[in-house]
Protein chains: 2
Amino acid sequence: MSDDPKWPSDWIRAVLAPCILQQVQTRNESYGYQIVQDLGARGLPGIGGGTVYPVLNRLEADGRVRSEWREGHGGPGRKFYTITPQGETWLSETSGAWQEFTARVAAILTMEGNPA
Amino acid sequence: MSDDPKWPSDWIRAVLAPCILQQVQTRNESYGYQIVQDLGARGLPGIGGGTVYPVLNRLEADGRVRSEWREGHGGPGRKFYTITPQGETWLSETSGAWQEFTARVAAILTMEGNPA
DNA sequence: CCATACTAGATTGCCAGGCAAACTAGACGA
DNA sequence: TCGTCTAGTTTGCCTGGCAATCTAGTATGG
C-alpha cells in the first residue's frame with residue numbers, strides 16, 4: 001500500500017499542519033523524523049524534512065506544541081514535541097472546519113450534470 | 001445560508017481551479033463574474049475577481065477551457081468560457097484524486113485517540 | 001446633470017509556504 | 001575508510017490567493 005500518487009503541494013499545504021499536530025497528539029509525543037515516516041505510512045508520502053520541520057517550528061511559535069530535546073542513546077538527539085491545550089483546541093476546531101469545507105467542495109465537484 | 005466562515009486561502013488554493021472548471025461545465029458556458037456569484041452561493045464566499053480571473057487565464061493557457069468575447073446588450077461585454085475535452089478529462093481525474101486525498105486526510109484527522 | 005452603484009474585466013504587489021538541495025553530525029556495518 | 005541510516009537545519013525558487021486599484025458601460029436617484 002505505497003503506490004501513493006504523491007499529492008500536489010497545494011493540497012498538502014492545506015492540511016499539513018493539522019495532520020502533523022494530530023500525529024503528535026495520537027502518539028503522546030513525537031519528533032520530526034518519525035512524523036515524516038508516519039505521514040508516509042498513512043497515505044501522504046514524499047513529504048521531507050525541509051517541509052515538516054518548518055511546520056513544527058510554526059506550531060511551536062503559535063503555542064500549539066511544546067518541545068523538549070533529548071540526547072539519543074544510539075543515533076543523534078531528538079527533539080520531542082507534545083501538544084498543548086491550545087493546540088488541542090485549535091486542532092479540533094480546524095478538523096471540524098475542514099470536514100465542513102470538504103463537504104461543500106465535494107457537493108460542487110460531484111454535480112455531474114445537475115442544474116444550478 | 002450565507003453565514004459562511006470565509007475559508008482559509010490555503011484551502012481555497014487547493015480546490016479553486018477544479019471548482020471553477022466544474023461550474024463552467026455545469027452551465028454549458030459561463031463568465032468570471034457569474035462564477036464568483038455561483039461559488040459564493042455554493043458555500044465558497046469571499047472569492048473576488050482578482051482571484052478568479054487569473055485562474056481562468058491559467059485554465060485557458062493549459063487548454064482546459066476556450067473563451068469567446070461577446071458584446072453585452074445592456075452592461076459591459078462578457079468573456080464566455082467553455083470546457084474542452086482535455087478540460088473534462090483533467091476535471092474528472094482531479095476530482096477523483098481529490099476524493100481519494102480527502103479520504104486519507106480524514107482518516108488521519110479522525111483517529112481521535114486510536115493507536116498507531 | 002451629476003453622483004452613486006452595479007456589472008464586468010484586468011493588473012499590480014504582498015506574502016505564505018511546499019519542496020529540492022545542501023549541510024552538519026552521530027552511529028554502525030562492510 | 002566509506003557508505004548508509006538517523007535526525008535536524010537552512011537557503012532559495014516558485015506558485016498562487018488576495019487586497020487594492022483601474023477602466024468602462026449601464027442604470028438609478030436626487
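So you know, we letter chains A, B, ... as the sequences are listed, proteins then strands, and number each from 1.
A residue-by-residue look at B/Gly50 and B/Gly77 shows that B/Gly77 has its nearest nucleotide of DNA chain C further toward the 5' end. Along DNA chain D, the nucleotide closest to A/Phe80 and the one closest to A/Arg13 are compared, and the more 5′ of them pairs with A/Phe80.
Residue contacts shown for B/Gly49 are absent, as no nucleic acid heavy atom lies under 4.0 Å away. At a threshold of 4.0 angstrom between heavy atoms, the contacts of B/Asn57 with the nucleic acid are absent. A/Gly32 comes within 4.0 angstrom of sugar-phosphate atoms only, judged by non-hydrogen atoms across all strands, and of no base. As judged by a 4.0 angstrom heavy-atom cut-off over every strand, A/Gly46 is placed among residues making no nucleic acid contact.
Note: CD (A/Gln37) to P (D/dA7) measures 8 Å, nearest angstrom.
Between B/Tyr81 and B/Ser67, some side-chain heavy-atom pair lies under the 4.5 Å cut-off. At a threshold of 4.5 Å between non-hydrogen side-chain atoms, the residues A/Glu60 and A/Leu56 do not count as touching. Using a 4.5 Å cut-off on side-chain heavy atoms (C-beta onward), A/Ser95 and A/Leu91 make contact.
The side chain of B/Tyr53 contributes no N or O atom lying less than 4.0 Å from OP1 or OP2 of C/dA10. Within the 4.0 Å cut-off from OP1 or OP2 of D/dA7, not a single side-chain nitrogen or oxygen of A/Arg70 is found. Contact annotation: A/Lys6 side-chain N/O to C/dC19 OP1/OP2 distance is not under 4.0 Å. Contact annotation: A/Tyr33 does not reach the phosphate of D/dG8 (side-chain N/O to OP1 or OP2, under 4.0 Å).
Here the side chain of A/Arg58 is nearest to one of C/dG9, C/dG18, D/dG16, namely C/dG18. Listed nucleotides: C/dC19, D/dA19, C/dG9. Nearest to the side chain of A/Ile47: C/dC19. The side chain of A/Asp10 sits closest to D/dG16 out of C/dC19, D/dT6, D/dG16. Here the side chain of B/Thr51 is nearest to one of D/dT6, D/dC18, C/dA16, namely D/dC18. Each of C/dG18, C/dA25, D/dA24 was ranked by its minimum atom distance to the side chain of A/Pro76; first place goes to C/dA25.
Residues passing the side chain to side chain contact (heavy atoms under 4.5 Å, CB included) test with B/Phe101 are A/Trp7, A/Trp11, A/Ile12, A/Val15, A/Leu44, B/Trp98, B/Val105, sequence neighbours excluded. A/Glu29 is linked by a side chain to side chain contact (heavy atoms under 4.5 Å, CB included) to A/Arg70, A/Phe80, A/Thr82, counting only residues two or more places apart in sequence or in another chain.
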